[in-house]
Protein chains: 2
Amino acid sequence: MKTADPELMRAINRLNVLDTIRRHGPISRIEISERTELSTTTVSAITASLLDDGLILPRHEGDIRNEAVRGRPRVALELNPDAARVVGGKIAANRMVFVVTNFRGDVLSKLALPIRIDRQPIGVIADLVEDGVRRCVVDAGLSLEDVDSICLGFPGVIEHRTGYIRSSPIFRDINVDFAAEMSTRLSTPTIVESDAHAITLGHHWFGKARDLEDMVLISLEQTLGLGVLHGNRLFRGAGGLSHNLGDLVLGMGPNGVMRLFSQAGESAILGEHQTDGRFAEAIRLGRGMTHAQALIKADDDRLIASAIRAGEAVGLTIANIVTLFAPPRVILVGSSLALGEPFLNSLRDAYALAIPPSLKGVSELVFDDSSDDFWAQGAAAVALYELYESPWSTTGPAL
Amino acid sequence: MKTADPELMRAINRLNVLDTIRRHGPISRIEISERTELSTTTVSAITASLLDDGLILPRHEGDIRNEAVRGRPRVALELNPDAARVVGGKIAANRMVFVVTNFRGDVLSKLALPIRIDRQPIGVIADLVEDGVRRCVVDAGLSLEDVDSICLGFPGVIEHRTGYIRSSPIFRDINVDFAAEMSTRLSTPTIVESDAHAITLGHHWFGKARDLEDMVLISLEQTLGLGVLHGNRLFRGAGGLSHNLGDLVLGMGPNGVMRLFSQAGESAILGEHQTDGRFAEAIRLGRGMTHAQALIKADDDRLIASAIRAGEAVGLTIANIVTLFAPPRVILVGSSLALGEPFLNSLRDAYALAIPPSLKGVSELVFDDSSDDFWAQGAAAVALYELYESPWSTTGPAL
DNA sequence: AATATTTATAACGGGTTACGAATTAAATAG
DNA sequence: CTATTTAATTCGTAACCCGTTATAAATATT
């Protein structure tokens with residue numbers, strides 16, 4: 001527990017001001033003062049300091065004058081895009097995507113590598129990631145020295161605080177200290193995070209949850225992930241662990257415990273078709289879901305049945321999550337959404353059936369089919385968040 | 001968001017000091033300084049202010065001298081027990097328990113009313129609660145004017161922030177503004193809280209989670225409740241809602257959705273025996289579980305089967321909760337624990353089976369069979385918690 | 001009894017913060 | 001060109017924490 005001294009006070013207000021500028025675009029000092037409830041004089045001092053540090057910039061040009069307002073015009077302040085550069089990455093079993101963004105989150109360059117890294121030795125994966133980061137940085141016309149921070153999003157159970165990847169489908173080993181490995185390789189601070197957490201923050205900053213401070217996101221990919229936004233912050237499990245929804249138990253089946261991933265995991269949905277040669281090939285190339293989509297359109301009965309079963313399982317799970325967190329919005333993302341109507345309809349139906357009557361209507365379901373870039377952009381947001389969030393977490397007494 | 005001014009700074013440090021005094025018993029100023037990492041001079045100023053406000057007291061008497069330590073002896077400071085009085089209550093379907101505690105949480109008087117209030121009109125319930133509170137206060141040798149705050153713990157879904165009881169098995173209606181009702185009746189600030197949340201805080205302050213800042217508690221009573229402690233504070237759902245574990249879906253059964261309460265709720269376990277006249281009578285009198293215990297000892301097959309089924313359902317649920325929150329400890333409380341070995345063993349087995357291998361060993365299961373007093377004491381802790389944060393404890397500038 | 005040791009408070013200066021009132025800056029209206 | 005209006009800054013005030021120093025208090029040691 002940090003002691004509350006003037007330094008902390010300043011840090012809090014600084015962050016508050018900086019965050020208001022980030023959220024509410026170009027904004028004048030008085031508007032900041034109104035939103036933060038800080039005095040104009042304090043805002044002036046803080047913005048001066050931020051300007052001095054090069055984190056924000058005045059905006060003379062546009063001058064969106066509200067016309068016919070007399071008096072000294074407000075000068076709008078906005079984030080200095082060039083105040084920092086970060087790399088965000090999404091590492092999946094058959095695809096890696098990187099983006100370089102500036103301080104504002106604008107994408108400067110992106111790079112997709114459709115490579116299967118599944119179960120490769122750690123060294124090989126690290127090689128590929130390193131290469132991808134370096135290439136993406138070069139593509140942005142930058143050098144690694146210009147990059148302040150890197151965040152990599154992985155599927156599986158990630159311990160954000162320590163940088164360990166506890167378990168992930170793309171690693172044979174468990175408890176891999178990947179953050180340290182990449183930090184030394186790239187000589188740039190690198191953090192790892194659950195891909196679900198990353199895109200959760202991405203949606204909070206850029207996507208479909210900009211207006212909310214509480215929200216739940218469920219990612220349906222090879223692994224089934226969960227991101228919880230609580231009071232504008234990512235809610236991490238005790239110890240900073242990320243959640244692995246796929247391990248949730250749905251009940252007892254004939255073969256013992258029945259877990260969610262055995263019903264709704266990517267491999268569970270597609271797995272039964274491995275006899276089909278072309279399909280197996282498509283899966284290996286990471287096109288499993290799009291190919292499945294085509295099959296469903298062609299009324300492939302077995303796949304449709306799988307999709308329906310998966311939708312039911314996910315619908316029930318979402319109802320349980322809503323029972324626990326009561327978020328105003330649930331965002332669903334991930335490749336499995338490509339299964340289309342059979343999946344989504346059964347998901348909706350199961351959710352409607354399973355949601356307790358008392359909670360009916362408190363949560364809206366939103367489906368989001370953003371591209372992989374957006375995941376990487378979310379990882380970049382995590383990196384940015386770390387860059388200027390540090391002091392705020394330590395406030396509040398330990399009651 | 002609150003603006004960070006010197007006043008907030010002082011309030012934070014004050015709370016920090018007050019909290020360390022509460023937690024670490026009689027404690028000297030330098031030890032406070034060490035623990036809080038505040039300077040001795042600041043600690044001196046703050047403790048002087050706390051002494052001035054009568055919230056803490058110096059302790060001359062005991063003087064547990066650490067033997068052969070020369071120099072001026074440390075004077076220990078401790079909470080002033082008489083700085084405040086609160087009432088905590090646990091309201092269940094067939095039993096109400098009240099305690100009056102002082103500022104330190106010591107129980108000054110307790111009162112148990114084994115009355116069935118189940119489904120009575122709101123006015124009747126309010127009458128009984130009012131009567132109980134008044135009698136308990138009198139028993140403590142006090143008058144209601146001496147009581148600073150009251151907290152009542154209810155089963156069901158409680159919206160702590162607004163004081164509304166969203167749904168509870170003891171109310172026919174939903175969305176009852178019970179806090180306001182009791183506040184006016186007793187002319188004392190009254191808050192309502194989920195009984196599970198109350199005993200969660202109780203365990204954090206007085207019970208089996210004093211050493212932890214993250215923890216999960218599961219209450220198995222008429223309703224199935226959940227309390228999550230996260231970073232030393234109660235984690236409430238978005239909107240301040242409490243959780244209702246019983247609504248969790250375990251899977252699809254023959255009759256549609258199968259919820260936890262239909263497997264592990266008190267009535268689900270005992271319900272099948274309503275044909276037995278004596279048993280039904282025992283249930284009506286709130287002795288259902290103890291009677292069930294006797295039946296189990298007598299090898300009542302049907303009841304044992306119910307208990308085993310309930311244990312399995314709860315075990316699976318706990319595994320899911322652990323998957324989501326990864327707490328170092330899970331505390332189980334509630335009347336259903338009285339079912340004994342058949343229930344507990346099947347619970348443990350199901351948990352062991354359902355916990356994901358990667359999380360094996362991160363959580364320890366602790367069973368707690370505290371009496372109803374402890375629940376009420378937990379409610380009192382909630383009331384005290386609120387008092388701590390209320391403005392009156394943060395008096396203005398220190399001279 | 002005198003001295004050493006440890007704890008607690010008081011007093012001062014230094015540094016930081018936020019805030020309110022007055023002041024300057026920059027534009028429009030007439 | 002002046003008056004008006006709004007935005008932003010400067011300046012002075014009060015509060016906070018911190019470090020140092022001095023002083024008082026209470027005990028152990030000599």
Side-chain angles (χ1 to χ4, degrees), chain A residues 1-17 21 26-52 56 58-60 63-77 391 394-395 397, chain B residues 1-17 21 26-34 36-52 56-77 394-399:
Chain A
M1 166 77 194
K2 177 130 171 47
T3 138
D5 46 16
E7 188 185 345
L8 174 68
M9 197 162 83
R10 176 61 140 203
I12 291 173
N13 288 333
R14 243 179 94 101
L15 177 66
N16 203 346
V17 168
I21 296 175
I27 184 175
S28 70
R29 292 173 174 81
I30 350 182
E31 286 175 280
I32 297 174
S33 165
E34 286 163 4
R35 283 191 186 278
T36 60
E37 296 178 20
L38 262 47
S39 72
T40 61
T41 185
T42 302
V43 171
S44 230
I46 291 177
T47 52
S49 149
L50 292 173
L51 282 165
D52 194 50
I56 61 174
R59 176 181 204 143
H60 302 112
D63 262 4
I64 318 142
R65 318 207 50 33
N66 276 10
E67 77 184 47
V69 183
R70 63 188 197 168
R72 175 176 178 175
R74 321 181 158 186
V75 333
L77 302 171
T394 53
T395 46
Chain B
M1 188 188 301
K2 175 109 179 63
T3 141
D5 48 12
E7 191 184 341
L8 174 68
M9 193 163 83
R10 181 51 163 255
I12 291 175
N13 286 333
R14 251 181 90 103
L15 284 182
N16 205 351
V17 168
I21 295 175
I27 184 176
S28 71
R29 291 173 175 81
I30 21 171
E31 286 175 282
I32 297 173
S33 167
E34 287 163 4
T36 61
E37 297 178 23
L38 262 47
S39 73
T40 62
T41 175
T42 301
V43 170
S44 231
I46 290 177
T47 51
S49 151
L50 291 173
L51 282 165
D52 194 50
I56 60 174
L57 286 178
R59 177 182 202 141
H60 303 111
E61 359 127 15
D63 263 5
I64 318 141
R65 320 207 49 34
N66 275 11
E67 78 183 40
V69 183
R70 62 188 194 167
R72 174 176 179 176
R74 319 180 160 185
V75 333
L77 302 172
T394 59
T395 42
L399 20 146

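These values consider heavy atoms only, across backbone and side chains, with no hydrogens, waters or symmetry-generated copies. Here is how names work: the chains are called A, B, and so on, in the same order as the sequence lines, proteins then strands, and each is numbered from 1.
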Please report, rounded to the nearest Å, how far the P atom of C:dT17 is from the CD1 atom of A:Ile12. 13 Å
Find the distance B:Arg74:CZ to C:dT9:C1' and express it as a whole number of Å. 16 Å
Taking the side chain as C-beta and beyond, is there a heavy-atom pair between B:Ile32 and B:Leu77 under 4.5 Å? yes
Distance check needed: C:dT24 P versus A:Arg29 CZ, whole Å only. 19 Å
Proximal nucleotide (of D:dC16, C:dC19, D:dA8) relative to the B:Pro6 side chain: D:dC16
What integer distance in Å separates B:Asp52:CG from C:dT9:P? 13 Å
In this structure, how many angstroms lie between the P atom of C:dC19 and the CD atom of A:Glu37, rounded? 10 Å
Counting only side-chain N and O atoms of A:Asn13, is one of them less than 4.0 Å from OP1 or OP2 of C:dA18? yes
Spatial distance of atom OG1 (B:Thr47) from atom CG (B:Leu51) [nearest 0.5 Å]: 6.0 Å
Out of curiosity, B:Glu34 CD to B:Thr40 OG1, how far, rounded to the nearest 0.5 Å? 10.5 Å
Give a yes or no on whether the backbone of A:Ala76 and the side-chain of A:Ser28 come within a donor-acceptor separation of less than 3.5 Å. no
Atom-pair distance (CG on B:Asp5; C1' on C:dC19), nearest Å: 9 Å
Given atom CD1 of A:Ile30 and atom P of D:dT5, what is their separation to the nearest angstrom? 16 Å
Less than 3.5 Å between a donor and an acceptor, one on the side chain of B:Thr41 and one on the base of C:dT9, is that the case here? no
Of the listed D:dC18, D:dA8, C:dT9, the closest approach to the B:Thr42 side chain comes from D:dC18
Among C:dA8, C:dA18, D:dA7, which is the nearest nucleotide to the side chain of A:Met9? C:dA18
Would you say D:dC17 has OP1 or OP2 under 4.0 Å from some side-chain N or O of B:Ser39? no
Just checking B:Thr40: base, sugar-phosphate only, or nothing, at a heavy-atom cut-off of under 4.0 Å? nothing
Hey, is the side chain of A:Arg10 poking within less than 4.0 Å of OP1 or OP2 on C:dA18, counting only N and O atoms? yes
Tested for side chain to side chain contact (heavy atoms under 4.5 Å, CB included) against A:Thr36, the lone hit among A:Asn13, A:Ile46, A:Asn16 is A:Asn16
Side-chain contact check for B:Ser44: nearest option of D:dA8, C:dA8, D:dC18 is C:dA8
Which whole-number value in Å describes the distance from B:Leu8 CG to D:dC16 C1'? 12 Å
Any A:Arg14 side-chain N or O less than 4.0 Å from OP1/OP2 of C:dT17: no
